[in-house]
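Just so we're on the same page: letters track the sequence lines, and every chain starts at 1.
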2 protein chains.
Amino acid sequence: MTQPDVQRGRHQVPPTLATVADEAGVSRQTVSNALNNPDLLRPETLERVQSVIERLGYSPNRAARQLRTRSSHLIGLRFEPAQEGTSNALMDRFLHSLVETASRTGHHVLLFSGDPDNPLDGYDDLLRSTAVDAFVVTDTYAGTPQSVFLEERGAPFVAFGRPWDEPDADHAWIDVDGAHGARIATEHLLAEGHRRIAWLGWERSSRIGQDRRSGWQSAMHAAGEDVRGLGVRLTDNVDAARMRAHELLQDPSVTGFVCASDTLGIGVLHACADRGLRPGTDIGVVGFDDSLAAQVTWPGLTSVRQPLEQVAVELVRILHLVLAHKQIDTKGQMLQPALVVRRSSQRSG
Amino acid sequence: MTQPDVQRGRHQVPPTLATVADEAGVSRQTVSNALNNPDLLRPETLERVQSVIERLGYSPNRAARQLRTRSSHLIGLRFEPAQEGTSNALMDRFLHSLVETASRTGHHVLLFSGDPDNPLDGYDDLLRSTAVDAFVVTDTYAGTPQSVFLEERGAPFVAFGRPWDEPDADHAWIDVDGAHGARIATEHLLAEGHRRIAWLGWERSSRIGQDRRSGWQSAMHAAGEDVRGLGVRLTDNVDAARMRAHELLQDPSVTGFVCASDTLGIGVLHACADRGLRPGTDIGVVGFDDSLAAQVTWPGLTSVRQPLEQVAVELVRILHLVLAHKQIDTKGQMLQPALVVRRSSQRSG
DNA sequence: CCCGAACTCTGGATCGTTCCAATCCTAGTG
DNA sequence: CACTAGGATTGGAACGATCCAGAGTTCGGG
């Protein structure tokens with residue numbers, strides 16, 4: 001590994017294809033082939049060209065390549081602000097996996113922002129200026145106007161999140177099975193001996209919230225438990241959860257809580273502390289998303305963890321199929337979350 | 001606001017400058033001027049061209065523009081994985097501010113990744129392929145090989161983080177005054193009546209950790225307090241912090257803790273809980289970075305919050321100066337963090 | 001009425017790459 | 001030995017924008 005023989009200093013001109021061609025005594029096209037179709041060259045020629053490329057430290061100019069091939073190798077992602085006080089660890093972990101995975105095939109992630117009141121803002125511009133090859137659409141929590149828009153425009157994209165309201169949507173998507181997550185959480189508490197297990201979730205308008213809630217409900221039904229009065233809807237806020245947990249805990253038969261978020265789960269832990277109840281031993285609590293907060297809160301909050309790394313890998317895989325106009329094996333794909341068990345739900349701590 | 005008159009459907013060809021020129025009955029150059037130097041056109045012509053642009057839904061092809069002007073309007077950022085269990089909320093908040101700020105001047109953020117063992121990985125490639133206009137370098141916690149490398153290459157960049165080990169570095173940087181943060185945290189606890197205030201920080205090799213520690217130290221000295229035996233170095237881990245807090249709390253005169261991170265602060269809260277000490281009332285605790293965990297942990301962890309929005313704004317401002325080869329007003333710029341007071345440090349709760 | 005300056009607008013060249021069609025070379029065949 | 005098939009290589013054109021130099025138009029002043 002020797003350093004490329006580039007000139008040090010300000011404003012150096014990077015070598016071009018023509019430079020390399022001259023230096024190697026071949027035509028521009030041959031250099032291009034050395035990079036894109038190496039098997040077209042005679043082995044000796046290939047090696048000669050490659051050594052010049054190495055020596056000059058040549059990388060093809062992305063703009064020129066993009067102009068000619070109409071492919072930027074960029075994946076657009078609209079980056080929404082994580083609300084303060086909600087678990088943003090999710091996006092962080094997902095984003096890194098995406099960047100990492102995409103880079104393995106020479107793609108980069110382009111972040112853009114848009115007017116929070118207009119979920120379509122930003123997409124159109126990038127599309128018309130052919131700045132990105134494709135989009136990853138992530139914030140499908142409240143309907144999916146972006147997906148509808150992009151589908152209509154014929155733009156390549158994959159959604160992280162199922163098309164809740166458009167059962168006949170025709171685009172590719174990946175999602176995590178929130179109902180399954182809540183189900184295994186509930187089953188875990190049942191296995192720990194809890195019977196009357198409450199649900200703390202979001203308002204009815206949240207599709208993700210409804211999905212998760214259904215998992216709790218089905219697990220309870222399967223166990224022959226009545227859920228009446230046990231399912232509660234509130235905003236994603238520690239103190240709200242704490243209050244509601246207090247109300248529920250007035251009934252001493254209630255000993256388990258499955259929550260739609262870690263924030264809510266932590267609220268329940270606070271209520272336990274207020275009442276001198278020991279989490280794990282007296283009361284079982286499970287949160288959702290496995291945020292930093294779940295990991296550091298005393299005594300450790302059991303939580304449902306989304307397989308974001310896997311989501312990223314699948315997204316990129318599907319994206320390549322879409323870009324190659326290949327048949328997609330399955331329009332939608334559901335991945336399963338896993339339970340990370342901590343002391344808030346273990347009787348035998 | 002009417003919808004642009006574009007054809008709906010798959011694989012539509014976006015209009016080009018030439019299309020617009022034909023349609024408006026002017027030359028390509030005139031259309032180009034309408035976009036980039038509108039004041040060169042006669043008002044009527046300008047309006048005519050603009051209406052055609054509007055009607056066709058034209059946006060200049062980024063690749064072509066980038067090729068000609070040698071400017072991609074992309075800012076490169078190497079996106080490091082947040083270690084699991086450490087406060088990654090920081091990056092999330094910062095990144096969003098950066099994307100938002102950059103977009104105001106038509107710039108986008110390009111994320112890339114690289115071999116974790118090689119801090120330079122990824123930069124060179126983007127530089128040689130002229131894929132980005134400039135870089136934002138963020139992870140300057142352990143020396144700044146990237147800055148040295150980029151400076152040597154004459155690449156435009158701004159660092160978030162001061163050049164710890166190179167006092168004569170010549171690049172622009174923005175940083176947050178960690179010493180000041182620790183100082184106001186310590187002063188706050190002193191004002192609450194605490195005298196013997198401990199420091200929980202990282203190992204000596206962490207420059208950021210050392211900087212923050214110095215703020216604690218100077219505030220203590222200014223108050224005439226002896227810090228011997230009160231400054232502790234450990235890894236960024238809840239349980240480690242809890243153990244060390246227990247050791248320190250064996251001395252009943254120790255009633256305050258300033259920590260280099262929220263994770264450590266939460267460890268101290270756990271130790272308090274173990275000993276039946278009431279945070280705020282009996283023991284004052286302050287963390288660092290104002291993560292989600294600080295916000296939701298009982299009883300609310302006072303924390304030092306970095307002005308990341310402001311950091312982003314300044315970074316982008318300086319970046320524009322650098323790109324325009326303008327004189328930079330100040331090589332480095334230090335921003336002040338603020339204390340977010342919660343119940344873990346308030347006696348009058 | 002002519003001239004030049006200022007204002008508008010135009011057409012060709014160019015950025016660095018890949019596409020395309022043609023040419024050169026080599027070896028195998030009749 | 002001519003002829004051809006196929007592999008290896010080449011030069012010109014094109015992608016869609018901006019740069020540059022020059023041409024056409026308008027207008028005021030001598």
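- If you take CZ of B/Arg42 and P of D/dG24, they are 16 Å apart, rounded to a whole angstrom.
- Checking D/dT18, D/dT10, C/dG16 against the side-chain heavy atoms of B/Arg68 singles out D/dT18 as nearest.
- Computed from coordinates, the B/Arg48 CZ to C/dT8 P distance equals 14 Å when rounded to whole Å.
- Residue B/Arg28 places its side chain closer to C/dA13 than to any other of D/dT10, C/dA13, C/dT8.
- Taking for each of A/Asn36 and B/Asn33 the nucleotide of DNA chain C with the nearest heavy atom, the 5'-most of the two is the partner of B/Asn33.
- Taking for each of A/Thr69 and B/Gly25 the nucleotide of DNA chain C with the nearest heavy atom, the 5'-most of the two is the partner of B/Gly25.
- Note on A/Asp121 versus A/Arg78: no salt bridge recorded, every NZ/NE/NH1/NH2 to OD/OE distance being 4.0 Å or above.
- B/Phe160 has its ring centre less than 6.0 Å from the ring centre of B/Phe94.
- Rounded to whole Å, atom C1' of D/dC15 lies 16 Å from atom CZ of B/Arg65.
- Of the candidate nucleotides D/dT9, C/dT17, D/dT18, D/dT18 has the atom nearest to the side chain of B/Leu17.
- Checking C/dT18, D/dA17, D/dA8 against the side-chain heavy atoms of B/Tyr58 singles out D/dA17 as nearest.
- The side chain of A/Thr30 sits closest to D/dT10 out of D/dT10, C/dG16, D/dT18.
- The side chain of A/Leu67 lies closest to D/dG16, out of D/dG16, C/dC15, C/dC19.
- Contact annotation: A/Ser32 does not reach the phosphate of C/dT17 (side-chain N/O to OP1 or OP2, under 4.0 Å).
- Of the inter-residue distances, the one linking B/Asp133 atom CG with B/Gln66 atom CD reads 7.5 Å to the nearest 0.5 angstrom.
- Of the candidate nucleotides D/dC19, C/dT17, C/dG16, C/dG16 has the atom nearest to the side chain of B/Arg70.
- Summarising the geometry, the separation between CG on A/Leu35 and P on C/dC19 is reported as 12 Å, rounded to the nearest angstrom.
- If you check D/dC15, C/dT10, D/dT9 against the side chain of B/Val26, the one that comes closest is C/dT10.
- Contact annotation: A/Thr16 does not reach the phosphate of C/dG16 (side-chain N/O to OP1 or OP2, under 4.0 Å).
- For the pair A/Leu41 CG and C/dT26 P, the computed distance is 16 Å after rounding to whole Å.
- For the pair B/Asn61 CG and C/dG16 P, the computed distance is 17 Å after rounding to whole Å.
- Interface remark: the A/Gln66 side chain does not form any donor-acceptor pair with the D/dC15 base, using a distance-only criterion of under 3.5 Å.
- Of the candidates B/Phe135, B/Phe157, B/Phe149, B/His171 forms a ring-ring contact (aromatic ring centres under 6.0 Å, His included) with just one, namely B/Phe157.
- The pair B/Glu100-B/Arg104 meets the salt-bridge criterion, since a charged nitrogen lies less than 4.0 angstrom from a carboxylate oxygen.
- Taking atom CZ of B/Arg62 as the reference point, atom C1' of D/dT18 lies 16 Å away to the nearest angstrom.
- Regarding B/Leu40, its CG atom lies at a distance of 13 Å from the P atom of C/dT10, rounded to whole Å.
- OP1 or OP2 of D/dT9 sits under 4.0 Å from a side-chain N or O of A/Thr45.
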